[in-house]
Amino acid sequence: MNVVVLVLALAQHPQDTIELKPVVVTATRAAVPAALVPAATTVLRGADLEAHGVRTVAQALQLVPGAHIVETGSYGGQTSLFMRGGENDYVKVLVDGVPLNQPGGGLNLAHLTTDNVDRIEIVRGPASVLYGSDAVTGVVQIFTRAGTGAVRIGGDVRAGTYASTQFGADLEGGTSAAAYSVRVSRFGSDGLYPVNNEYRNSVVSGRLRLRPDARTEAALSYRYGDNLYHFPTNSQGQPADSNQRMAERGPLASLFLRRALGAIELTAQGTWREARQLSNDEPDSPGEDGTFWSNDYVRRAGAGLMLTWRPSPGATALSAGVDYEDERQRGRSEFSASFGTFPDSIDVQRWTTGYYAQAVVDVAPVAITAGARLDDNSQFETHGTYRVGVVFKPAGAARLHASIGTGFKEPTFFENFARGFVTGNPDLQPERSTSWEAGVERSLASGRLTLGATFFDQRFRDLIDFTGTSYLNVPGANSRGVELDADAILTPAFAMALRYTYLHTNVSAAGIDSSADALFVPGKPLLRRPAHSLVPELGMQLGGRTRLIAGARWVGKRDDRDFGQPPGSQRVTLDPYTHVNIAAQYTVSRFELTGKIENLFDDLSPEITGFRPRGRTILLGGRFSTGL
């Protein structure tokens, strides 16, 4: 693999690897050629992410048009994804089909690493028609690698700024009939602050795939994460606590089965995800009054069955399926002080059955995708979604696509079932969206230059707002924008890429709080969504041993709330920031020396009001691999 492939694999359009006739799964749930997909889709390959020195999925998503990552600074701190202006719980994130989101969509991406990743497929736009709740503005699916060829073992070690260390070991191999991979890794850091900012994250991942014949496939995936995060900051980002900490640990597992019977393909999948979440805040000193702890168990378990009929060897596919998911949470918490002890507990359950159908019809030069879904939820009863798209491929190397669809997100358990000072609302309706997009892709100079542009328009309704003691649905907001990307192969050893996103958001009606500093202010943009973002990259192959990738991420102005201003919060505008990153690899026999510098010029402009960002960060190390 050369550096040209490393850079071009980041592009959203299928012409990047057109010679390989790529197939994607996430956009349609049935494998179809990427050229027939009407939604904007990006595929990031695991090997390319390694070349970029990318350790987490959040870092990988910074390379995707329309995706904006916001971090509280420290390793392990809250890391949120805003896709196309939607809320930070509007994207469904899957690992081999297993949802990682909390019930109601919430997710901290800080702990999701790229260990053992084969590829990441990102679909932008509503996908609830196939994935149900949470897929309002997109879906991100991580596929675990299954090994190939002779048995190989490998290991890596890295160390750098903020007393960061990373260790890993892996084993993989396989044939056409059976393939496997296993990896164990651990990352740790002392963090940004001198006291109480340690972070550690341990991950075990593996995949076993069996293909006894061309018509049958079975795959078992497993991943276990264990992280501990110490954080000294309060809600304003100020260091105020010397022993506040939280931890989360638990497994996920996926069993996938496929059997082809002539023109009919039957697939079944079972998924399991559980997390034990611990939080503890003891008094900082003998004179401090008050301690808090909580212990929660959260589980999402599901099963699905899909039938796909391909009437001819072409790309046409007619699918229908049913999904069932059970969500549960139970736990206890307690706040204790001299004026009293206030215990609380939760033990709740929700379940959903979803029925869907989809047709992908290829009648060259036009391909049409149409689908509908009905979800029956134990809390809000039924909700329907749809999506229709068309792709037009005229003569030449151009591709036009357009689609329209809807998405929804169920309330969180807390919004439905909270007790005490805050009371949940069991009658909340799901948040919903209606979106459309249109785009064009063009390949020039015999594929050495590819250009793409996508316009999107989204309307969000029934957003859930906090009244001060409970929750209500309120009118919504709008977002629209343009995603541009370009890739150029200048020489066999030198390539460049450019991603630009323009985003315009505005609130259509006030929420519960109608003040000028509220969360939803009519006519004002949604918080933490930049109007402009730009990601350029250069890739070079220097001789036969050295690869170098230099990139930048420029993020423009965006609104936020400063909770450190009396009496409660003040709406502010944050300045733009630029992070320049450089990654390098040098290969010697079975050894590979690696280095990465993030935020080269030490831009300390905050991403979130009050929270310190990471400054210049250096991580150096090496990796070896050998056959057995």
Side chains of Leu619 and Gln166, heavy atoms from C-beta outward: is any pair under 4.5 Å? yes
A side-chain contact here means heavy atoms from C-beta on lying under 4.5 Å apart; do Asp296 and Ile346 qualify? yes
Donor-acceptor contact present, side-chain Thr505 to main-chain Asn478, <3.5 Å: no
Looking at every non-hydrogen atom in both residues, tell me the closest pair between Asn280 and Trp293 and how far apart they are. OD1-CB, 3.8 Å
Under 3.5 Å side-chain donor-acceptor pair for Trp272 and Glu274: yes
Arg245 NZ/CZ over Tyr199 ring centroid, <6.0 Å and within 45° of normal: no
Closest heavy-atom pair, Arg528 versus Val70, reported as atoms and distance to 0.1 Å, is O-CG2, 4.3 Å
Can any side-chain N or O of Asn201 pair as donor or acceptor with the backbone N or O of His111 at less than 3.5 Å? yes
Consider only side-chain N and O atoms of Asn377 and Thr352, and report whether a donor and an acceptor are under 3.5 Å apart. yes
Check the pair Glu172, Ser181 against side-chain hydrogen bond (donor to acceptor under 3.5 Å, both in side chains), reporting the backbone distance first and the verdict last. CA-CA 4 Å; Glu172 67 174 65; Ser181 70; 5.8 Å; no
Ring centre gap for Tyr90 and Phe460 strictly below 6.0 Å: yes
Polar side chain donor-acceptor pair, Arg207 to Ser221, under 3.5 angstrom: yes
Is it true that Tyr75 and Phe187 have ring centroids separated by less than 6.0 Å? yes
Should Asp323 and Arg29 count as an ion pair when the cut-off is N to O under 4.0 Å? yes
May I ask you to decide whether Glu325 forms a salt bridge with Arg350, counting only side-chain N to carboxylate O separations under 4.0 Å? no
So, Phe335 versus Phe292, ring centres under 6.0 angstrom or not? no
Short N-O contact, Asp226 and Arg200, less than 4.0 angstrom: yes
When you compare the side chains of Arg419 and Ser345, does any donor N or O come within less than 3.5 Å of an acceptor on the partner? yes
Salt-bridged, Glu248 to Arg273, with N to O below 4.0 Å? yes
Ion pair Arg332/Glu334, N-O distance below 4.0 Å: no
Can Asp560 and Thr609 be counted as having a side-chain donor-acceptor contact under 3.5 angstrom? yes
Compare every heavy atom of Phe231 with every heavy atom of Asn197, then report the nearest pair and how far apart it is. ND2-CA, 4.3 Å
Between the side chains of Thr233 and Gln238, is a donor N or O closer than 3.5 angstrom to an acceptor N or O? no
NZ/NE/NH1/NH2 to OD/OE distance under 4.0 Å, Asp115 and Arg183: yes
Smallest heavy-atom separation, Thr28 atom then Gln358 atom, equals O-NE2, 2.9 Å
Cation-pi geometry met for Arg209 and Phe256 (6.0 Å, 45°): no
Taking the side chain as every heavy atom from C-beta outward, state whether Asn227 and Arg249 have any pair of such atoms under 4.5 Å apart. no
Give a yes or no on whether a salt bridge exists between Arg373 and Asp375, defined as a side-chain N under 4.0 angstrom from a carboxylate O. yes
Arg432 NZ/CZ over Phe408 ring centroid, <6.0 Å and within 45° of normal: no
Donor-acceptor pair, distance only, cut-off 3.5 Å: does the side chain of Asp96 make one with the backbone of Thr144? yes
Has Thr72 got a side-chain atom pairing as donor or acceptor with Gln78's backbone, closer than 3.5 angstrom? yes
